[in-house]
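Quick notes on the structure that follows.
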Amino acid sequence: MIPTSFADAAALAVSHVSLVVLLIKATIILVAALGITMAMQRASAGARHLVWLVTLGTLLVMPALTAWGPLPLRVLPATALPSAASLPSSALDVAPPATQASDIGALREPTAAASGVTASAPSFLDGMSGVTIVLAIWGLVVVAICCSLLWSALTVRRIVRNARALETKEWLTPLWEVSDRFALEEAPRLLCSGEAKMPFACGLLTPTIVLPADCEGWSLDRRRAVLLHELAHVRRHDLLGHALGRLVCAVYWFHPLAWTAAKQLRSESERACDDLALSCGTRATDYAEHLLDIVTSVRRDATPSVALAMARRKEFEGRMLAILDPQLRRAAPSRRQTATLITTLALLSVIVGAAAPAPRESRVLVDAQQAAPAPERPEPTPRQNPVPTPQPTLQPDSRVPRVDWRTSISMSTRTDTTIVEVQRSVGSAVDDAMRIGTSVSASASASPSTALRNFIQSGQGQKSDDRPILLAKVLRTDTSATLRRVAAWGLSDYASTPVAAEALANAVRHDASAGVREMAAWSLADGDDGTAGVVDALSAALRGDADTRVRATAAWALGNVGDRGAIDALVAALADASPEVRTRALWAIGNVGPKQAPRAVVSLLADKEPRVRELAAWALYQIEDPSAAPALEAALRAESDKDLQLAYIRALAAMGEKSVDAIRGLLESPDQRIKTMAVRALAGGHAAGPWPWPWPEPRPYP
């Protein structure tokens, strides 16, 4: 439709400009996110996932920010306006109300007879502008994509409704263990369906894990590996992020970078879940082998798009390389890093979204007004019998309203100042975002605790936090054991700082309440091996504390700190009367990884508790000391428990050629599981399946 008036032309131009500006802003945000994530290649997948999540959320609110637009950026060409001195006086007045509706209406609607043109039959598109047609096409595609997502959601609902619940001990035990490890308040539903080819997570309000029909034949190790990955999605609330990505693709379906952002969001969420599973003790090679078997067993994955499948062939190669790369950082970003990253990205997005392009001021017009101000018009002489005179007919585009040029100049000056401030804010925001990416990337080769401490101590321009000082004072001086326990729990976030480490170490040694000592030991697990007094305090508690829970938690904390100086105290704890303490000490020794297997670890292969014997085999598996092969072979011959036999075979497989004689006889075993494990061990590498992980229980809460 051709505009028939100045107002229609202006409205059409504004609509075109608004759409182009929105597209440009979305492109700037997406390109900035792409650059930030490229600078964070050695950072954790969780940090990159956070960048894409904030970016996609920004795209949804971008139209509102663009409409708000309180930051005018005068980058458009100035409008060529004549000076006021050259305009006739009649052009500076507004037509009387009596003539506006009639005269201008007559101009907008000329009759066909007056123009001499024969009227043609109107078509459907005659009443639609180009912007309206574009918006109609956009809306149709959005509706089509939303209908596709709705159909996918209905498909998932049908699969869940027809699936059967897995309620046997073989499934509930690992499900509860993993849920407890991830601190989930309630374990998700676990279902089995013949329509599912690949394990997937679904359900925004009621998280559900759906497994394929052949899951009944999985080993316990594979069950744990699958549950670790799928419950990691639930723990990280990836289903909400996945839904956000689908919604952004529906709104920005025309923008290729929007689809790329949604794809990267999903890819980084899968890698972050892999990292979380590996951080729970799953060996990388074993986890990769499980993933490979699951992917290759499915020829055509028909998982609905609204669900999160465990693996897809298109992204499998990159995930395998990431899983097997020992140099990648797998720790999730800390609270401070998360808050800083979100704040920086949100600030950058608000500035870009609120910026509105505006035409530059016409300096010629302003100079003319300053040099020759318009003369005042004399007051009209009143007449006794005024005779109405016909008003001159004005063209719609020739009417120029009066302008107070001094106000205009003042506003222009303020706007120029605002532009400078906005430019400085944008530059600062970009520098902050890139500095975060560089900081996280540069810390990839360092230990997670050291990297976190360096990042926190860098300050990032933030005010120092006094909470560790106040909590440490409460822990040292308060008379209430309940409040001291809460203070010790709160100091876990600051365990790498000297003030918190000193207060917690002192509480572990001297506090009268066993509950406070246990909580302090638990909090010190987040400390760093370079923090003075941490290892000594935990070692002293492990050697001499009267409470079993304190000794067990101290052993677990020493395993998390990872200082080899604690090996002597951990080896001494292997003689503890409590099986729980012995189990924790074995796990800690395997996690610290001494060069040679202590004799006390080998001797526990004959412990009366099956759980202790299993953890002894796991520790030897981690240490990979060939001298322990004869003891493992003897324990394998004497063991009657099939699961423990599999554990011993896994440990023997890590010994290399020293284990061949012990494994040779197992090739004729009537038990198919043992025979399969023996073949895998001889084939090289470690036997399949993640090892049982001693969950950090007790996990004390205030």
Which atom pair, heavy atoms only, marks the closest approach of [X] to [Y]?
| X | Y | result |
| --- | --- | --- |
| Val142 | Val251 | CG2-CA, 4.4 Å |
| Gly562 | Val592 | CA-CG2, 4.0 Å |
| Leu244 | Gly57 | CD2-N, 3.8 Å |
| Leu265 | Gly241 | CD2-O, 3.2 Å |
| Gly590 | Trp618 | CA-CZ3, 3.8 Å |
| Pro188 | Leu175 | O-CD2, 3.9 Å |

Contact check, side chains of [X] and [Y], non-hydrogen atoms, under 4.5 Å:
| X | Y | result |
| --- | --- | --- |
| Leu228 | Phe182 | yes |
| Trp171 | Trp218 | yes |
| Trp522 | Trp489 | yes |
| Leu605 | Leu620 | yes |
| Val306 | Cys202 | no |
| Met310 | Val226 | yes |
| Glu580 | Arg551 | no |
| Pro174 | Leu220 | yes |

What pairs with [X] under salt bridge (Lys or Arg N to Asp or Glu O under 4.0 Å), at least two apart in sequence or on another chain?
| X | result |
| --- | --- |
| Arg319 | Glu270, Asp274 |
| Arg157 | none |
| Arg161 | none |

Roughly how far, to the nearest 0.5 Å, is the [atom2] atom of [Y] from the [atom1] atom of [X]?
| X | Y | atom1 | atom2 | answer |
| --- | --- | --- | --- | --- |
| Leu308 | Ser269 | CG | OG | 6.0 Å |
| Leu247 | Cys146 | CG | SG | 7.0 Å |
| Met519 | Ser492 | CE | OG | 8.5 Å |
| Glu614 | Asp607 | CD | CG | 12.5 Å |
| Leu211 | Leu227 | CG | CG | 6.5 Å |
| Leu154 | Ile159 | CG | CD1 | 11.5 Å |

Report task. Report the residue from Leu191, Leu172, Ile209, Leu190 that forms a side chain to side chain contact (heavy atoms under 4.5 Å, CB included) with Leu166. Result ->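 When side chain to side chain contact (heavy atoms under 4.5 Å, CB included) is applied between Leu166 and each of Leu191, Leu172, Ile209, Leu190, only Leu190 qualifies.
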Requested in this report: Mind running side-chain contact (heavy atoms from CB on, under 4.5 Å) on His290 and Asp221 for me, showing each step along the way?
Outcome: CA-CA 9 Å; His290 279 306; Asp221 299 330; 4.2 Å; yes
Query raised in the report: Would you say Arg236 has more than 12 foreign heavy atoms packed within less than 6.0 Å of its CZ?
Result: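 Counting neighbours around CZ of Arg236, more than 12 heavy atoms of other residues, nucleotides or ligands fall under 6.0 Å, so yes.
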**Report entry** Arg613: partners by side-chain hydrogen bond (donor to acceptor under 3.5 Å, both in side chains), with sequence neighbours left out
**Finding:**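 Once residues adjacent in sequence are excluded, the partners of Arg613 under the side-chain hydrogen bond (donor to acceptor under 3.5 Å, both in side chains) criterion are Glu639.
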Requested in this report: Tell me, please, which residues at least two apart from His255 pass side-chain hydrogen bond (donor to acceptor under 3.5 Å, both in side chains).
Outcome: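 Checked His255 against side-chain hydrogen bond (donor to acceptor under 3.5 Å, both in side chains); matches are Thr27.
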Side chain of [X], backbone of [Y]: donor and acceptor closer than 3.5 Å?
| X | Y | value |
| --- | --- | --- |
| Ser267 | Lys263 | no |
| Asp625 | Ala628 | no |
| Tyr648 | Ala635 | no |
| Thr37 | Arg48 | no |
| Ser148 | Ala144 | no |
| Thr206 | Gly203 | no |

Is any NZ, NE, NH1 or NH2 atom of the basic residue among [X] and [Y] found under 4.0 Å from an Asp or Glu carboxylate oxygen of the other?
| X | Y | value |
| --- | --- | --- |
| Arg164 | Glu216 | yes |
| Arg224 | Glu177 | yes |
| Arg271 | Glu268 | no |
| Asp238 | Arg266 | no |
| Glu195 | Arg158 | yes |

Requested in this report: Show the numbers, then the answer: is there a side-chain contact (heavy atoms from CB on, under 4.5 Å) between Leu184 and Leu231?
Outcome: CA-CA 9 Å; Leu184 298 177; Leu231 266 68; 4.0 Å; yes
Query raised in the report: ring-ring contact (aromatic ring centres under 6.0 Å, His included) with His229: which residues, sequence neighbours excluded?
Result: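 With neighbours one apart ignored, the set is His233.
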Query raised in the report: How far apart are the C-alpha atoms of Val581 and Leu574, what are their side-chain angles, what is the distance that settles it, and do they pass the side-chain contact (heavy atoms from CB on, under 4.5 Å) test?
Result: CA-CA 8 Å; Val581 176; Leu574 297 180; over 6 Å; no
Requested in this report: Report the C-alpha distance between Leu652 and Leu636 in whole Å, list the side-chain angles of each, state the deciding distance to 0.1 Å, and finish with yes or no for side-chain contact (heavy atoms from CB on, under 4.5 Å).
Outcome: CA-CA 10 Å; Leu652 282 169; Leu636 177 61; 4.1 Å; yes
